[in-house]
Each structure stands twice: as C-alpha cells, then as structure tokens.
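Only this structure's heavy atoms are used, side chains among them; waters, hydrogens and symmetry mates stay out. Order of listing sets the numbers, starting from 1, for every ligand and every atom in it.
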Amino acid sequence: MALSDDVHVPCTGKMHRSLPLLQRLALFSLVVLFFLHTCCYGDVGTAARYAPPYLPTTCYGSDTSEFPSSNLFAASGEGIWDNGAACGRQYLVRCISASLRHACALNQTIQIKIVDYIQGLPSPPSARNTTMILSSKAFGAIANLTTNSPAINIEFQQ
Ligand SMILES: *[C@@H]1O[C@H](CO)[C@@H](O)[C@H](O)[C@H]1NC(C)=O
Ligand SMILES: *[C@@H]1O[C@H](CO)[C@@H](O)[C@H](O)[C@H]1NC(C)=O
Ligand SMILES: *[C@@H]1O[C@H](CO)[C@@H](O)[C@H](O)[C@H]1NC(C)=O
C-alpha cells in the first residue's frame, strides 16, 4: 500500500504530496458516485404519443381513478410490459434526442404512470414499436410539439 507508506515517512515534503492525493481520490470517488446516482442510471428507449380517447385501458378498463391528476401517464410498449406487471409502474422520463432538430425540451424530467398497453390502445400512437407511448400532456412536457416529431429518444428510470 503505497499510500499508507507515504503517510509514515517522516519527510514532510512527501506528506504534503500524499494528502492532496488522498483528497483527489476522495473527490474522484464522490464524482463517480454522483454520476452513478443522478446522471446515468436510466435505460435508453423511444417514446411516441397518443391523444384522447384514453379509455378503456388494458390495465384498468374504464376506471379513471387510476389516472394521475397530473395527466402525465403512458402506455407500455412491448419491451417493458412484463406480462402486465408494468401496470401502475412509475417512471422518470426525459428526452435525450430526436431525429428532428429542436424536438427535445431540454432539462425537463417528468414522472409518468403506466396505465395501458400498446396493443389495443383506444387511439393510434404517433409511431410504432416504441418503448412507451406518452399522453399528449406528458409528451408535450418533454418535447417541442411544434416540431411535430412522431417519436423521441428518451432516458427512463423506474
Ligand atoms: C420548437 O420547434 C420550432 C420548429 O422547429 C423551433 O422554431 C423552436 O425554436 C423550437 N423551440 C424550442 C424551445 O426549441
Ligand atoms: C440545462 O442544464 C444545463 C446544466 O444544468 C444548463 O447549462 C443549461 O443552460 C440548461 N438548459 C436549459 C435550456 O435550461
Ligand atoms: C420492434 O423493435 C425491435 C427492436 O427495437 C425489433 O427487434 C422488432 O422486430 C420490432 N417489432 C416490430 C413489430 O416492428
């Protein structure tokens, strides 16, 4: 262990060099932890949108009480459906890129709830085969609607 050896050397010059090294290591660890927890934890996928009517849903039928009052909800695509276990799951979602310029609203993260399934949606999604299909309100919160982009690339995290 070179670090502890350095600390026991009586030469103060060496000690002064070893302390900043420890501090740098500590700082480096903190930065790594910070990024693991805040930046890069999510999965990457795609999102389309759909408009009313939203009922009935595969998860809850005609029960409107399961819709979040924020109107930030989504239908699950095939990839995260998990045989129906996706119903009720909440995800943090943000737009990371899109094929059309300016299509992402930067720095916007929303929390959505899964209330439906891509198969049998009561209204058609704006794009096929996406990870999830966001409600109009949810899509508009993280994307620039004036670009009319049918789909965006997202980062999402449960
Ligand atoms: C939204 O998209 C329009 C059309 O591409 C663009 O002119 C506008 O600058 C965009 N707005 C933002 C906030 O990016
Ligand atoms: C987004 O966040 C970054 C870093 O936090 C900041 O530099 C940038 O100005 C923000 N952009 C907008 C459009 O708020
Ligand atoms: C959906 O996308 C996946 C990969 O993203 C692909 O493997 C699959 O064939 C696609 N399914 C349909 C029906 O397009």
Side-chain angles (χ1 to χ4, degrees), residues 19-158:
L19 281 178
L21 177 61
L22 275 176
Q23 282 166 359
R24 279 202 299 274
L25 278 175
L27 191 63
F28 180 70
S29 313
L30 277 178
V31 167
V32 167
L33 280 175
F34 177 83
F35 272 91
L36 280 179
H37 279 102
T38 60
C39 143
C40 315
Y41 228 53
D43 292 314
V44 170
T46 53
R49 63 187 155 115
Y50 71 131
Y54 294 124
L55 290 173
T57 68
T58 301
C59 293
Y60 306 114
S62 296
D63 183 357
T64 52
S65 69
E66 292 289 346
F67 285 81
S69 55
S70 61
N71 277 326
L72 300 176
F73 58 87
S76 166
E78 301 289 355
I80 60 171
W81 177 238
D82 203 2
N83 270 324
C87 287
R89 278 186 187 153
Q90 315 241 21
Y91 288 97
L92 293 174
V93 183
R94 70 186 185 94
C95 183
I96 51 176
S97 66
S99 50
L100 293 171
R101 284 181 59 193
H102 307 302
C104 276
L106 291 174
N107 295 347
Q108 299 296 321
T109 300
I110 54 169
Q111 183 172 46
I112 57 96
K113 178 180 175 181
I114 299 295
V115 298
D116 208 343
Y117 181 38
I118 190 170
Q119 288 188 25
L121 277 186
S123 63
S126 59
R128 303 256 160 232
N129 202 19
T130 54
T131 310
M132 59 181 76
I133 303 99
L134 298 169
S135 67
S136 294
K137 177 86 182 294
F139 195 90
I142 58 171
N144 178 353
L145 286 177
T146 57
T147 64
N148 237 338
S149 180
I152 54 175
N153 298 313
I154 55 165
E155 185 179 69
F156 64 104
Q157 174 190 345
Q158 203 183 333

### Message
Checking Val115 against Tyr60 for the side chain to side chain contact (heavy atoms under 4.5 Å, CB included) test, could you report, in this order, the C-alpha distance in whole Å, the side-chain angles of both residues, the deciding distance, and whether it holds?
### Response
CA-CA 7 Å; Val115 298; Tyr60 306 114; 4.1 Å; yes

### side chain to side chain contact (heavy atoms under 4.5 Å, CB included) between Asp82 and Ile80, worked out
CA-CA 6 Å; Asp82 203 2; Ile80 60 171; over 6 Å; no

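Considering CD1 of Ile152 and OG1 of Thr46, their distance stands at 9.0 Å, rounded to 0.5 Å.
Aromatic ring orientation, Phe73 versus Phe67: perpendicular (interplanar angle above 60°, classes split at 30° and 60°).
Shortest contact from atom 5 (O) of ligand 1 to any protein heavy atom: Thr147 CG2, 3.6 Å.
Counting protein heavy atoms under 4.0 angstrom from atom 11 (N) of ligand 1 gives one or more. Inside a 4.0 Å radius of atom 7 (O) of ligand 1 there is not any protein heavy atom.
Near Asn144, with a cut-off below 4.0 Å to any heavy atom, the atoms of ligand 1 are 1 (C), 2 (O), 3 (C), 8 (C), 10 (C), 11 (N), 12 (C), 14 (O).
With a 4.5 Å cut-off on side-chain heavy atoms, Cys87 and Trp81 count as touching.
Any N or O atom pair closer than 3.5 Å counts here, and Thr146 shares at least one such pair with ligand 1.
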